[in-house]
Amino acid sequence: MLIYTYDNTLEGLLCCIFDAYTRNEQPDNIACEQGLQYQLEQVLHPVVTVEEHWSRVRKGIHKKMGRLAWQKICACYCASTTDKEMLIYRYLRQGFSRGRVALDDISHPDILPIEELYRSVGMEQQRMIMFVRFAKVATTKSPYSEPAHSKLSTIPVPSSDPKSNSGEIYYATINPKHNVLPLVMDHFAARFNIQAFIIYDEVHQIAGISESGQWMLSQVEDAQPPEVSLDNEEYQDLWKAFYDAICIPERINEKRRQQFMPKRLWKHLPEMHPSRDAKT
Amino acid sequence: MTNACLTVNICLYIIESMNIEQKLEILTGAAKYDAACTSSGVNRSALPGQLGNACSAGICHSFSADGRCIALLKVLMSNDCKYNCAYCTNRVSKDQSRASFEPRELADLVIEFYRRNYIEGLFLSSGVSGDPDYATARMIAALSILRNDYGFNGYIHAKGIPGASPEIISQLGYLVDRLSINIEMPSSASLQKLAPDKNPSAIFAPMGQIRDSIGESRQYLLEWKGRRESRNNDSGRRIGKSDDLSALRLAAGCSTCEVRGTCTGLDDCMPAQRKLGRPARFAPAGQATQMIIGASPDSDYDILRTSVNLYDKFNMKRVFYSAYVPVGDSSLIQYEPNGQSNGSVQLVREHRLYQSDWLLRFYNFELDELLSPDMPHLDPLLDPKCLWALRNLDRFPIEVNRAPIEELVRVPGIGPTGAQKIVRARRSGALDFSALAALRIVLKRAQWFITAKGKYREGLKFEHQAIYQGLTSEEARKRSFQQARKLEEASRQLVLF
């Protein structure tokens, strides 16, 4: 059994494709270097990430399969399924050997899984655009200087914008199924270019940090959410009041609500939390 | 005398002590029956230094317990209303709390919600306590704080108030993305009966004005783009500002100047647009409208004929149907005109109307293919496409591997997406039923109307009776279960008393 190992980056995965072609091999599996379980009768080939290699593969994808196929691969790479590498590998094999015609053959066993994965990642991306909820972080207790939040200091907190007198930071925690944060940062960075913000993905332990329309990602382990400022509670209550008032009781439809807004995401939606009055 | 004084004092006290949360609850409850609340129809990219953008497909941000999408902060400016429309929760004869937002209070709320990604923008309508112009002016005050003072670049949908003057409607149009006037009732007879204070011409006149203004503004933008391009080609220089602005003012019919007397042209109306140096646009996401379903005896045919007219005459982006929810005790309201009721609220009927509306707009169906004066009602057990297919069985079954896409989208259960998938996939080889299933084509309804590789689905009979039963059995079972449960509940209540 031939196993390719790579460095867990998209570039690394593209180099696996490059090696498979140049070495004229068909790997049985592609796995991440870290956490690989050694088994008997395994032949390992550690793939080295070389810019010349992956850029050639990328160029080839654009040329033979088009921009949309490249987009699909990037999105599928963000999926949290364990066999995504092999699915992408087989998809690209089809694309390289048969061109665009192969990609339209959407009931083919090598093409269909990527189509479905792309859909699933796209849905999750859309959900994050819908359901990210920011809280305004206290400005007096900056998470950057507070030793109690020392872990969070690994996130390079954006310096407050000197031009704006506010100096506030907006903070959100998300728990997406797939690692879609890289796919939604463009949207949020453009829309909220007047506010510094952090979106922390607690599942994949990655933070997106943005200021003035620019953004970057940072790997962060177990970030503690910073303290929220007081008026935030007020606006969460107002939002919940609105949410409860907009419902028409004669039309209640719990199934439909959960279909669009799955329960696993309610954790970070203030409108789904029990109201503060009920708690006290 | 002291008694009256006391009452007045208490009332004043209550009004003054109303906090923003109470206002928000009252003014949301007053707006919640307006179904027209999408954030779609316009793409506007973000601008550096400004909050927000707009996305043409629309983005929902939450879903309420009734399963409806929450995209916009949907509120009324005020629920104080002098009209007495029988179907409306805010009518003057109804005894309930009244409240009004202050323009800045509302604008601040929108900004704070938007920055937390709660909403996509604002949906604003208003009751009419005095002059329609005054009610609209208060809406404009809030919107201009949002657009001008706060540079808000997100989505705004406003309702025009029938009876407002054209100048003030025009002013509103340049602040919003979508501007709608509700038609309320499917026929003018029903409108006259249920809303005696409103007349059809006061509804159609502003609809026409909005249509024309949208057209003119679009045309002007095209010409402006052409001029800019030719000028750039001529000299490579930026647009001269002075003459352009006066032209813009003329073309846009900016009435701000007359109203406020301080306007310096379009600069004041739309700073977001000024930054780009392009003319302001009038309601770029078009206009929409809403009809209340089930409060009047109008048939489905009447309703859809009105919709077709609205789409044709006023270039409506959407007609919304809102199942009437009993909001009072008016004896004028007529329920269950055709026994299609589902409880007291005609949700199934609303759903069938939306399905037909989609068929008319995206599937190239004509109204007389679906309904006629002799058959004026949609079937609660069958969706309108199934209904049509059953009446036209001679066109079926069609072969999925050969049928053109226009025929595929007419198969019940196959929509534009499914048809696209079939057309894409069959290029690489003929499809059978298992291949269709692999493409995630829903075969529950489609299986009765297609052949794959020349074969009809095994175990099915292509015969009117069998198809009708196959299509309706599940729905009927669900229905009878619900009815049984309702009977059971009713009998339990009887026992109680």
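Predicted, not measured: the structure shown is a model, and the values here were computed from it. Throughout, protein chains are lettered first and strands after them, A, B, ... in sequence-line order, and every chain is numbered starting at 1.
- The backbone N or O of B:Gln50 lies less than 3.5 Å from a partner atom in the side chain of A:Asn193, making a donor-acceptor pair.
- For chain B, the option among A:Leu103, A:Val132, A:Ile248 with the highest count of heavy-atom pairs below 4.5 Å is A:Ile248.
- Contact of the B:Arg424 side chain with the A:Asp105 side chain is not registered, since no non-hydrogen atoms from C-beta on lie closer than 4.5 Å.
- Put simply, the side chain of A:Asp237 never gets that close to the backbone of B:Glu21: no donor and acceptor are under 3.5 Å apart.
- The two residues B:Ile70 and A:Phe242 come nearest to each other via the heavy atoms CG2-CE2, 3.8 Å.
- Applying the side-chain hydrogen bond (donor to acceptor under 3.5 Å, both in side chains) test to B:Asp177 and every residue at least two apart in sequence or in another chain returns B:Arg44, B:Arg147.
- In this structure the side chain of B:Thr28 never reaches within 4.5 angstrom of the side chain of A:Tyr243, judged on heavy atoms.
- In this structure, the portions of A:Ile129 lying under 4.5 Å from any heavy atom of chain B include both its backbone and its side chain.
- With respect to B:Tyr118, the ring pair (Phe, Tyr, Trp, His ring centres under 6.0 Å) criterion is satisfied by exactly one of A:Tyr235, A:Trp239, A:Tyr170: A:Trp239.
- Only the side chain of A:Glu116 comes within contact range of chain B, judged by heavy atoms closer than 4.5 Å.
- Side-chain atoms of A:Arg256 come within 3.5 Å of backbone N or O of B:Gly67 as a donor-acceptor pair.
- Of residues 58-66 of chain B, those residues lying under 4.5 Å from chain A by any heavy-atom pair are B:Ile59, B:Cys60, B:His61, B:Ser62, B:Phe63, B:Ser64, B:Ala65, B:Asp66.
- Within residues 259-271 of chain A, the residues having any heavy atom closer than 4.5 Å to a heavy atom of chain B are A:Phe260, A:Met261, A:Pro270, A:Glu271, listed by residue number.
- Checked by atom type, the side-chain pair A:Arg191/B:Asn153 shows no donor-acceptor distance below 3.5 Å.
- Partners of B:Phe123 according to the ring pair (Phe, Tyr, Trp, His ring centres under 6.0 Å) rule, which considers only residues two or more places apart in sequence or in another chain, are B:His157.
- Side-chain contact between A:Arg251 and B:Glu350: present, with at least one pair of heavy atoms (C-beta onward) separated by less than 4.5 Å.
- Judged purely by atom type and a 3.5 angstrom limit, B:Asn117 has no side-chain atom pairing as donor or acceptor with the backbone of A:Phe134.
- Two residues are said to be in side-chain contact when any heavy atoms from C-beta on lie closer than 4.5 Å; B:Arg116 and A:Arg133 fail this criterion.
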